[in-house]
A.B. asks: 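Below you'll find the structure I mean.
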Amino acid sequence: GSSGMIVFSSGTSALSDSGSVTLASGSSDGGTSGVMVLSSGTSKLTTGSVVIASGVSTSKGVSGSLVLSSGTTVSGNSGDVLVSSGDVTSKGASGSLVLSSGTSASGTSGYVLLASGSATGGAAGAVSLRVGSTNTGAGSDVVVSAGKTTDASAAGGIVSIVSGSG
């Protein structure tokens, strides 16, 4: 049969804010703080998904933001943020990675910004957009496309490539 389920939840509130839920490892003054692992279990068939999402606003409010960030450091290097689909070690295709803003039924959809941070006293990080290599068949394409419109009185978007000033 199925194993049990664990639910971490704050209480419900009809008139005010509901409570927060915090999952954290302890602090350390003389070493490394503990690692946090959020994972679905192992299966010989299909493993379960891991879903991290802000709540749903059922009225005219705003849903919460989702922040995925490495920690801050006073002196040293901040941690990396790695987002990738899993490897396939035998036969099959690896999963897709989609970075997209949501759609809007009435209004403007959000924008997507892919940028490195600014640097003072050093070089700003590079941004690379590239296709992986293959040993079978043709290499895949890089497509940069501006938005289209069905409004006859408006123009489609523009693709601009601008070098840095200096």
Side-chain angles (χ1 to χ4, degrees), residues 20-28 31-57 62-151 153-166:
S20 299
V21 175
T22 301
L23 297 176
S25 69
S27 300
S28 173
T32 303
S33 64
V35 174
M36 294 271 311
V37 177
L38 182 60
S39 173
S40 69
T42 302
S43 172
K44 290 184 179 179
L45 298 176
T46 302
T47 61
S49 299
V50 175
V51 178
I52 302 175
S54 69
V56 175
S57 175
V62 177
S63 68
S65 298
L66 178 62
V67 178
L68 182 61
S69 172
S70 67
T72 302
T73 180
V74 174
S75 178
N77 298 331
S78 66
D80 297 326
V81 176
L82 304 176
V83 180
S84 72
S85 64
D87 296 332
V88 177
T89 58
S90 183
K91 292 183 178 181
S94 65
S96 299
L97 179 61
V98 178
L99 181 62
S100 172
S101 67
T103 59
S104 174
S106 176
T108 305
S109 66
Y111 73 95
V112 176
L113 173 65
L114 181 62
S116 66
S118 299
T120 303
V127 175
S128 297
L129 179 63
R130 65 185 176 100
V131 175
S133 60
T134 180
N135 65 359
T136 305
S140 293
D141 301 325
V142 173
V143 178
V144 179
S145 174
K148 68 176 183 176
T149 179
T150 57
D151 183 347
S153 64
I158 297 172
V159 174
S160 298
I161 300 176
V162 181
S163 64
S165 60

A.B. asks: Taking atom CD1 of Ile158 as the centre, does the number of heavy atoms from other residues, nucleotides or ligands within less than 6.0 Å exceed 12?
C.D. replies: no
A.B. asks: Under the 3.5 angstrom rule, does the side chain of Ser96 hit a backbone N or O of Val98 as a donor-acceptor pair?
C.D. replies: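 Side chain of Ser96 to backbone of Val98: no pair is present.
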A.B. asks: Taking it one step at a time, do Ser94 and Val88 satisfy side-chain contact (heavy atoms from CB on, under 4.5 Å)?
C.D. replies: CA-CA 6 Å; Ser94 65; Val88 177; 4.2 Å; yes
A.B. asks: Count the heavy atoms belonging to other residues, nucleotides or ligands that lie under 6.0 Å from CG of Asp151, then report whether that count exceeds 12.
C.D. replies: yes
A.B. asks: Provide the closest heavy-atom pair for Ser57 versus Val62 in the form atom of the first, atom of the second, distance.
C.D. replies: OG-N, 3.9 Å
A.B. asks: Of all the heavy-atom pairs spanning Ala124 and Gly117, show the shortest one and how long it is.
C.D. replies: CB-O, 3.5 Å
A.B. asks: Taking all non-hydrogen atoms of both residues, which atom of Ser65 and which atom of Ser54 are closest, and how far apart?
C.D. replies: O-CB, 3.9 Å
A.B. asks: Answer yes or no: is there a donor N or O on one side and an acceptor on the other, between the side chain of Ser49 and the main chain of Val51, under 3.5 Å?
C.D. replies: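 No: the side chain of Ser49 does not pair with the backbone of Val51.
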A.B. asks: Given side chains that start at C-beta, do those of Val83 and Leu68 come closer than 4.5 Å, heavy atoms only?
C.D. replies: yes
A.B. asks: List the atom of Leu45, the atom of Ser43, and the distance in Å for their closest heavy-atom pair.
C.D. replies: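 Where Leu45 meets Ser43 most closely, the heavy atoms are N-OG, 3.0 Å.
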A.B. asks: What are the two closest heavy atoms between Gly34 and Ser25, and how far apart are they?
C.D. replies: O-OG, 2.9 Å
A.B. asks: Of all heavy-atom pairs between Ser40 and Thr47, which one has the smallest distance, and what is that distance?
C.D. replies: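 In this case the closest contact between Ser40 and Thr47 is OG-CB, 3.9 Å.
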A.B. asks: Is the shortest heavy-atom distance from the side chain of Ile52 to the side chain of Leu38 under 4.5 Å?
C.D. replies: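 Ile52 reaches Leu38 side chain to side chain.
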